[in-house]
Amino acid sequence: VGLDISSTSNAISNEDTQIRVNSGTVKTDRTDTGDGAIGIFTNYGKIDVKTGAIIDVETDTANTVNDMSIGLFGVNGSEIENSGDIKVGGNKSIGILGTAYREDSLGTVIGNEFGKTDEGRIAIINKGNIDLVGDETKGIYIKNNSQNAIISAPSGITSVAQNVVTNDTNGII
């Protein structure tokens with residue numbers, strides 16, 4: 001993971017935990033084999049990539065281009081806005097990924113880990129460019145991985161309608 005930030009139970013809201021990339025490049029590229037890299041990750045936070053910033057994940061062909069890479073990844077009440085350029089290589093990779101809740105290494109949903117009413121909601125806005133190289137890739141993907149999608153937060157469960165993706169008129173995938 002290039003940049004990673006996670007909230008704490010003391011956070012008032014996801015505003016307290018943010019990564020903002022105003023310019024420059026965040027480059028992540030594994031040099032070994034295995035699942036690909038992640039450019040930026042947040043748990044109950046915000047990611048904001050501004051115009052002129054570049055997120056570059058697994059595009060270096062001088063070494064193994066690993067599959068299943070992710071440009072921007074937010075979980076558990078996170079918000080992501082991209083106005084920059086996201087470049088992701090590898091098969092089955094995703095430009096921007098959001099999951100309602102964080103999962104542990106075995107894929108078990110953690111649920112409402114901070115006790116906030118807006119956990120389990122994901123909001124993604126793309127105003128920039130997402131460039132993917134590989135087979136079976138996805139530009140933007142939200143997964144509602146709540147254990148019961150009928151009851152609403154704060155019980156640790158979200159409705160599908162609370163997870164929203166917007167590809168703005170300037171957004172190019």
Side-chain angles (χ1 to χ4, degrees), residues 1-7 17 19-21 24-50 52-111 113 120-147 149 158 160 163-168 170-173:
V1 178
L3 297 172
D4 177 345
I5 193 165
S6 215
S7 192
T17 308
I19 295 175
R20 191 171 294 129
V21 183
T25 301
V26 174
K27 183 174 179 68
T28 56
D29 193 344
R30 291 183 58 171
T31 57
D32 60 345
T33 59
D35 291 345
I38 298 171
I40 300 176
F41 172 83
T42 189
N43 180 5
Y44 194 62
K46 290 188 174 188
I47 298 171
D48 187 3
V49 178
K50 300 292 189 183
I54 299 169
I55 309 303
D56 186 332
V57 182
E58 290 291 343
T59 62
D60 188 350
T61 57
N63 60 47
T64 301
V65 175
N66 294 290
D67 295 340
M68 301 190 318
S69 300
I70 301 168
L72 305 177
F73 185 11
V75 301
N76 198 25
S78 292
E79 297 176 31
I80 299 171
E81 184 169 326
N82 174 53
S83 297
D85 294 310
I86 300 171
K87 302 173 183 181
V88 183
N91 298 326
K92 299 180 182 176
S93 293
I94 301 172
I96 303 175
L97 172 63
T99 61
Y101 296 101
R102 187 173 65 85
E103 297 177 359
D104 66 16
S105 61
L106 300 175
T108 303
V109 175
I110 303 300
E113 65 185 299
R121 299 176 185 167
I122 296 294
I124 297 172
I125 299 173
N126 180 49
K127 299 176 181 179
N129 300 308
I130 300 174
D131 185 14
L132 301 159
V133 178
D135 295 330
E136 300 179 56
T137 59
K138 294 173 179 63
I140 304 172
Y141 183 72
I142 285 183
K143 179 180 178 183
N144 184 5
N145 61 348
S146 61
Q147 297 164 344
T158 58
V160 174
N163 298 304
V164 179
V165 170
T166 303
N167 191 48
D168 187 74
N170 294 323
I172 299 171
I173 300 173

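Considering only heavy atoms from C-beta on, Thr28 stays 4.5 Å or farther from Ile38 through its side chain. Between Ile110 and Thr108, every side-chain heavy-atom pair lies at or beyond the 4.5 Å cut-off.
Considering every non-hydrogen atom in both Ile172 and Asn167, the closest pair reads N-OD1, 4.4 Å. Closest non-hydrogen pair, Asp32 versus Thr64, comes out as O-CB, 4.4 Å. Considering every non-hydrogen atom in both Asn66 and Gly36, the closest pair reads CB-CA, 3.6 Å. Scanning all heavy atoms of the two residues, the minimum distance from Gly98 to Ile122 falls at CA-CG2, 3.9 Å. Asp48 approaches Lys50 most closely through the heavy-atom pair OD2-NZ, 2.9 Å. Of all heavy-atom pairs spanning Glu58 and Val65, the tightest one is O-CG1, 3.2 Å.
Judged by distance alone, with hydrogens and angles left aside, the side-chain atoms of Thr59 form no donor-acceptor pair with the main-chain N or O of Asp56 at under 3.5 Å. Not one N or O on the side chain of Ser69 forms a donor-acceptor pair closer than 3.5 Å with the backbone of Ser93. Of the possible polar contacts, none joining the Asn76 side chain to the Arg102 backbone as a donor-acceptor pair under 3.5 Å is found. Of the possible polar contacts, one joining the Thr42 side chain to the Ile5 backbone as a donor-acceptor pair under 3.5 Å is found.
From Ile96, atom CD1 reaches atom CD of Glu81 across 10.0 Å, with rounding to the nearest 0.5 Å.
Asp168 has no carboxylate O lying under 4.0 Å from a charged side-chain N of Lys127, or vice versa, which leaves the two without a salt bridge.
Here Lys143 pairs with Glu103 under the salt bridge (Lys or Arg N to Asp or Glu O under 4.0 Å) rule; sequence neighbours left out.
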In a table with atom names and distances, give each donor-acceptor pair under 3.5 Å that connects a side chain of residues 129-137 to protein atoms at least two apart or in another chain.
unit_1: Asn129; atom_1: ND2; unit_2: Asp85; atom_2: OD1; d: 2.6

Apply side-chain contact (heavy atoms from CB on, under 4.5 Å) to residues Thr99 and Ile142 and explain how you reach the verdict.
CA-CA 6 Å; Thr99 61; Ile142 285 183; over 6 Å; no
Give the C-alpha distance, both sets of side-chain angles, the deciding distance and a yes or no for side-chain contact (heavy atoms from CB on, under 4.5 Å) between Thr166 and Asn126.
CA-CA 6 Å; Thr166 303; Asn126 180 49; over 6 Å; no
Where do Leu72 and Leu97 land on the side-chain contact (heavy atoms from CB on, under 4.5 Å) test, with the steps shown first?
CA-CA 6 Å; Leu72 305 177; Leu97 172 63; over 6 Å; no
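More than 12 heavy atoms of other shown residues, nucleotides or ligands fall within 6.0 angstrom of atom NZ in Lys46.
Sorted by first and then second residue, the ring pair (Phe, Tyr, Trp, His ring centres under 6.0 Å) pairs involving residues 24-45 (not counting sequence neighbours) are Phe41-Phe73, Tyr44-Phe114.
A side-chain contact (heavy atoms from CB on, under 4.5 Å) with Ile40 holds for exactly one of Ile86, Ile80, Asp4, Ile19; it is Ile19.
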